[in-house]
Amino acid sequence: MWRELDVVQRTGSTNSDLVARAAGGGRGLGEGVVLVAEEQSAARGRLDRKWVAPARSGLFFSVSLRPGDAGVPMERWGWLPLLTGVAVATGLARAGGVDTALKWPNDVLVTVRGEERKAGGILAEAAGDGGVVVGVGVNVSLRAEELPVPTAGSLGLAGAVSTDRDPLLRAVLRGLEDWYGRWRAAGGDAGACGLQEAYAAGCATLGRVVRAELPGDRALVGEAVAVDGDGRLVLATEAGVQEPVGAGDIVHLRAAG
């Protein structure tokens, strides 16, 4: 499905570039466009947080998807970051030989010297009528002294057998095409296409006691027991109720029990 792939030496943000193109700049934006940057000067994560990495040290790319054209209801588009996470984790394991895990909703984790570290993130943004741009950033070859924060990691530090970005990118894009095709064919039903099960199998958040920092300065603590059909994280609280969380920051506190 990848009909166009461009590589640029440096840009502010690949997501911002594709979103601007969808809004009418340049050639317009259809499905299957991939923009890869060797370096980003204004990369963003969730809540406009900065993503900093040296040039040519990771995978920094965005893709354009148009689930609306295939009739997928907008209320199911929240699965796209989770779907991308499954594709990223699968691709990195196959091409890099490194174990990864997913932290709900959009982080890619690796283990460095026995510690859980964030090595990547995913950001999905609306792009025009019926379109979504999904951006991926993964630290590949960063050394310890290059990490932006002590809690970050990279594939190299996690013992990857390969840090060649070309096969890593190809593997991730193949996985993304596969899972997106299945999900789209199922009308966005994550249960019917196997996505919900695959995400749960690779999600490090499930089975943990976590704190969800919610909009409006509200926090909720509970055991993460499931990811529901809408892609929300379900927390079992001490009050004996199960509460779904659709947005917010998740802090892993400890293993359940």
Side-chain angles (χ1 to χ4, degrees), residues 12-16 19 40-53 60 62 73-86 88-89 100-110 112 115-127 132-139 147-153 188 190 195-196 199-200 202-257:
S13 160
T14 55
N15 255 38
S16 295
V19 169
Q40 295 186 103
S41 60
R44 296 173 290 113
R46 291 180 63 247
L47 306 177
D48 280 334
R49 291 173 177 143
K50 293 183 179 179
W51 177 279
V52 180
F60 319 123
S62 298
M74 188 175 291
E75 58 267 24
R76 292 179 172 174
W77 294 9
W79 270 101
L80 285 173
L82 282 66
L83 181 157
T84 304
V86 172
V88 170
T100 60
L102 301 170
K103 178 185 174 187
W104 189 91
N106 70 331
D107 289 348
V108 180
L109 306 178
V110 296
V112 179
E115 294 184 357
E116 197 174 69
R117 304 278 191 90
K118 177 178 176 177
I122 297 157
L123 178 65
E125 297 182 275
V132 178
V133 166
V134 181
V136 175
V138 178
N139 294 332
L147 296 174
V149 293
T151 55
L195 175 60
Q196 186 175 2
Y199 185 84
C203 182
T205 304
L206 293 179
R208 306 276 287 267
V209 175
V210 304
R211 182 175 69 252
E213 298 174 352
L214 307 174
D217 294 327
R218 189 167 74 96
L220 181 68
V221 174
E223 180 187 349
V225 294
V227 174
D228 70 12
D230 294 321
R232 300 176 300 179
L233 185 67
V234 180
L235 300 186
T237 70
E238 291 184 350
V241 299
Q242 294 193 352
E243 185 166 342
V245 174
D249 279 350
I250 299 297
V251 180
H252 288 175
L253 299 178
R254 62 186 183 277

>> Test your reading of the model: is there a side-chain donor-acceptor pair from Lys103 to the backbone of Val251, 3.5 Å cut-off?
In response: no
> Once you round to the nearest 0.5 Å, how far does CG of Asn15 lie from CD of Gln40?
Replying inline: 8.0 Å
>> Show the nearest heavy-atom pair for residues Leu82 and Gly231, with the distance to one decimal.
In response: CD2-O, 3.8 Å
> What are the two closest non-hydrogen atoms of Ser62 and Gly135, and how far apart are they?
Replying inline: OG-CA, 3.5 Å
> Say you draw a straight line from CH2 of Trp104 to CZ of Arg232; how long is it, rounded to the nearest 0.5 Å?
Replying inline: 9.5 Å
>> One pair to check against side-chain contact (heavy atoms from CB on, under 4.5 Å): Gln242 and Val225. What are the steps and the verdict?
In response: CA-CA 9 Å; Gln242 294 193 352; Val225 294; 4.1 Å; yes
>> Pair Leu233, Leu206 - check side-chain contact (heavy atoms from CB on, under 4.5 Å), show working.
In response: CA-CA 9 Å; Leu233 185 67; Leu206 293 179; 4.0 Å; yes
> To the nearest 0.5 Å, what is the distance between NZ (Lys118) and CG (Asn106)?
Replying inline: 6.0 Å
> So, Asn139 side chain and Gly153 main chain: donor-acceptor pair closer than 3.5 Å or not?
Replying inline: yes
>> Between Thr237 and Leu220, is the side-chain contact (heavy atoms from CB on, under 4.5 Å) condition met? List the steps.
In response: CA-CA 8 Å; Thr237 70; Leu220 181 68; 3.7 Å; yes
> Between atom OG1 of Thr84 and atom CD1 of Ile122, what is the distance when rounded to the nearest 0.5 Å?
Replying inline: 5.5 Å
> Between Arg117 (side chain) and Ala152 (backbone), is there a donor-acceptor pair under 3.5 Å?
Replying inline: yes
> Looking only at heavy atoms, which two atoms of Val227 and Trp79 are closest? And how far apart?
Replying inline: CG1-CH2, 3.8 Å
> How far does CG of Leu109 sit from CD of Glu116, to the nearest 0.5 angstrom?
Replying inline: 4.5 Å
> If you measure from CD on Glu125 to OG on Ser16, what distance do you get to the nearest 0.5 Å?
Replying inline: 6.0 Å
>> Give me the atom names and distance for the closest heavy-atom approach of Pro244 to Asp228.
In response: CB-OD2, 4.0 Å
> Around Glu238, counting heavy atoms of other residues, nucleotides and ligands shown, do more than 12 lie under 6.0 Å from its CD?
Replying inline: no
> What are the two closest heavy atoms between Ala204 and Ala101, and how far apart are they?
Replying inline: CB-CB, 3.8 Å
>> Using every non-hydrogen atom in the two residues, find where Arg211 and Val221 come nearest and quote the distance to one decimal.
In response: CG-CG2, 3.9 Å
